Amino acid sequence: MHQIKDGYLFKLIKVDGDLILLRIGSKTIHSIEVALSMSNPPEIILEAVKSYIWELFDCDRELGDFYEVASNDDILKEVVAKYYGLRMICIPDLFEALTWAIMGQQINLTFAYTLKKRFVEQFGENLTIEGETYWLFPDFTKIAHLHVDDLRKLQLTSRKAEYIIGVAKLMARGELSKESLLQKQDYQQVKKSLMSIRGVGAWTADYVMMKCLQFPDAFPIADVGLHQALKNQLGMERKPTIDEIMERSKNWEGWQAYATFYLWRSLYKKTI
DNA sequence: ATCCAGGAACTGT
DNA sequence: ACAGTTCATGGA
């Protein structure tokens, strides 16, 4: 879905039917520089690219309050100092966010990435530039027509295949969209709507609200990665219980998604 | 081998 | 509302 090379992030997007490769860089900490594969793009495309980038990195978020909260929190103090400036890396496409969350349920991340790669390379569009191939996440209209067996071949379980095709069908019928979810604008209402979808429980709903709908207070509290990170940060020999996390996260009110994201980041040992 | 993964639906109480 | 069971498969 994306590649990082020479300090640039490459990402393929589709605007108005055109596939456009973005080369995203940042020369100073207060700027983002984007180059397009399309020459002389019209203004309307430039605007679409700008809003995409803005959403991808959650740029409307003012992080001052979060850092204020985190600097007074024993758990967050360290990760915030370490990854200062990190913003939520969002998944603007609702279908991608839901599908990815469903794929990743109850399996290790390595295998989840394998599944996603197979899914994308089987059903997604791609563009090859200078010998490098870039992929677009599959469109829900295409997935809506599939059968469970089509996804079983990729080693998705029958259940997950049903869930993913079900989500695609809901979206294809116009019964589920990012716009309609965002119109609710009340945390519990949005979460309830998401959880009414087969295959979407509390964890997935919160994950999607965090990574796609940009709720800074979304909190996938049952997440095992979060538990692992907390165990590490607190130097515990066991993972914390849900009750313990509820207690310790009281300070994070309003910023649970960012707290979770920074803690997830602490699990990723490889230095970029 | 054994445990467990960035869970959720289903079933029984 | 709540607890236990089933699904399902690769990574470490």
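Source: prediction; values computed, not measured. In the text below, chain A, chain B and the rest are named by the order of the sequence lines, each starting its count at 1.
Among pairs with a residue in residues 153-167 of chain A, those fulfilling side-chain hydrogen bond (donor to acceptor under 3.5 Å, both in side chains) read A:Arg118-A:Gln155, A:Arg152-A:Ser158, A:Glu162-A:Arg198, at least two apart in sequence or across chains.
Listed by chain and number, the residues in a side-chain hydrogen bond (donor to acceptor under 3.5 Å, both in side chains) with A:Lys11 amount to none (sequence neighbours excluded). Applying the side-chain contact (heavy atoms from CB on, under 4.5 Å) criterion to A:Ser26, with sequence neighbours excluded, gives no partner residue. For the side-chain contact (heavy atoms from CB on, under 4.5 Å) test, residues two or more places apart in sequence or in another chain that qualify with A:Lys116 are A:Met1, A:Glu96, A:Trp100, A:Met103, A:Val120, A:Phe137. Scanning for side-chain contact (heavy atoms from CB on, under 4.5 Å) contacts around A:Ser193 gives A:Leu181, A:Lys184, with sequence neighbours left out.
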Between A:Asp206 and A:Tyr187, is a side chain to side chain donor-acceptor pair (under 3.5 Å) present by the stated rule, with each step listed?
CA-CA 10 Å; A:Asp206 278 315; A:Tyr187 190 102; 2.4 Å; yes

Write down the protein N/O and nucleotide N/O pairs, taken from nucleotides 5-7 of chain B, whose separation is under 3.5 Å; answer none if there are no such pairs.
from  : atom 1 : to       : atom 2 : distance (Å)
B:dA5 : OP1    : A:Lys239 : NZ     : 2.9
B:dA5 : OP2    : A:Lys239 : NZ     : 3.2
B:dA5 : N7     : A:Gln106 : NE2    : 3.0
B:dA5 : N3     : A:Gln106 : O      : 3.4
B:dG6 : OP1    : A:Leu109 : N      : 2.6
B:dG6 : O4'    : A:Asp223 : OD1    : 3.4
B:dG6 : N2     : A:Tyr207 : OH     : 3.0
B:dG7 : OP2    : A:Gln106 : N      : 3.3
B:dG7 : O5'    : A:Gln106 : N      : 3.2
B:dG7 : N7     : A:Gln106 : OE1    : 3.0

Short N/O separations, protein against nucleotides 11-13 of chain B, under 3.5 angstrom:
none

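Summarising the hydrophobic clusters (Ile, Leu, Val, Met, Phe, Trp, Tyr; side-chain heavy atoms under 4.5 Å, direct or chained), the residues clustered with A:Met195 are none.
A heavy atom lying under 4.0 Å from DNA chain B marks none of the residues of residues 244-262 of chain A.
The nearest heavy atom of DNA chain C to A:Thr114 and to A:Ser158 marks one nucleotide each, and the one closer to the 5' end goes with A:Ser158.
Taking every nucleotide of DNA chain C with any atom under 4.0 Å from a non-hydrogen atom of chain A, the first and last of them, 5' to 3', are C:dT6 to C:dA12.
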Scan the side chains in residues 214-226 of chain A for donor-acceptor partners under 3.5 Å anywhere in the protein, sequence neighbours excluded, and list what turns up.
from     : atom 1 : to       : atom 2 : distance (Å)
A:Gln214 : NE2    : A:Asp58  : OD1    : 3.1
A:Asp223 : OD1    : A:Trp203 : NE1    : 2.8
A:Asp223 : OD2    : A:Gly225 : N      : 2.9
A:Asp223 : OD2    : A:Leu226 : N      : 2.7
A:Asp223 : OD2    : A:Trp264 : NE1    : 2.8

Contacts under 3.5 angstrom, residues 123-132 of chain A side chains, donor-acceptor by atom type, not counting sequence neighbours:
from     : atom 1 : to       : atom 2 : distance (Å)
A:Glu125 : OE2    : A:Lys14  : NZ     : 2.6
A:Thr128 : OG1    : A:Thr133 : OG1    : 2.9

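Geometrically, A:Arg87 does not engage A:Phe57 in a cation-pi contact defined by less than 6.0 Å to the ring centre and at most 45° from the axis.
A:Gln256 and A:Ser249 form no side-chain donor-acceptor contact under 3.5 Å, judged by distance and modelled atom types alone.
A:Tyr67 places a side-chain N or O within 3.5 Å of a backbone atom of A:Gly85 that can act as its donor or acceptor partner. Of the possible polar contacts, none joining the A:Gln122 side chain to the A:Leu151 backbone as a donor-acceptor pair under 3.5 Å is found.
Atom P of B:dG6 sits at a distance of 24 Å from the matching atom of C:dT6, rounded to the whole Å. With P as the reference atom, B:dT2 and C:dA8 are 22 Å apart, rounded to whole Å.
A:Leu115 comes within 4.0 angstrom of nothing in the nucleic acid, heavy atoms only.
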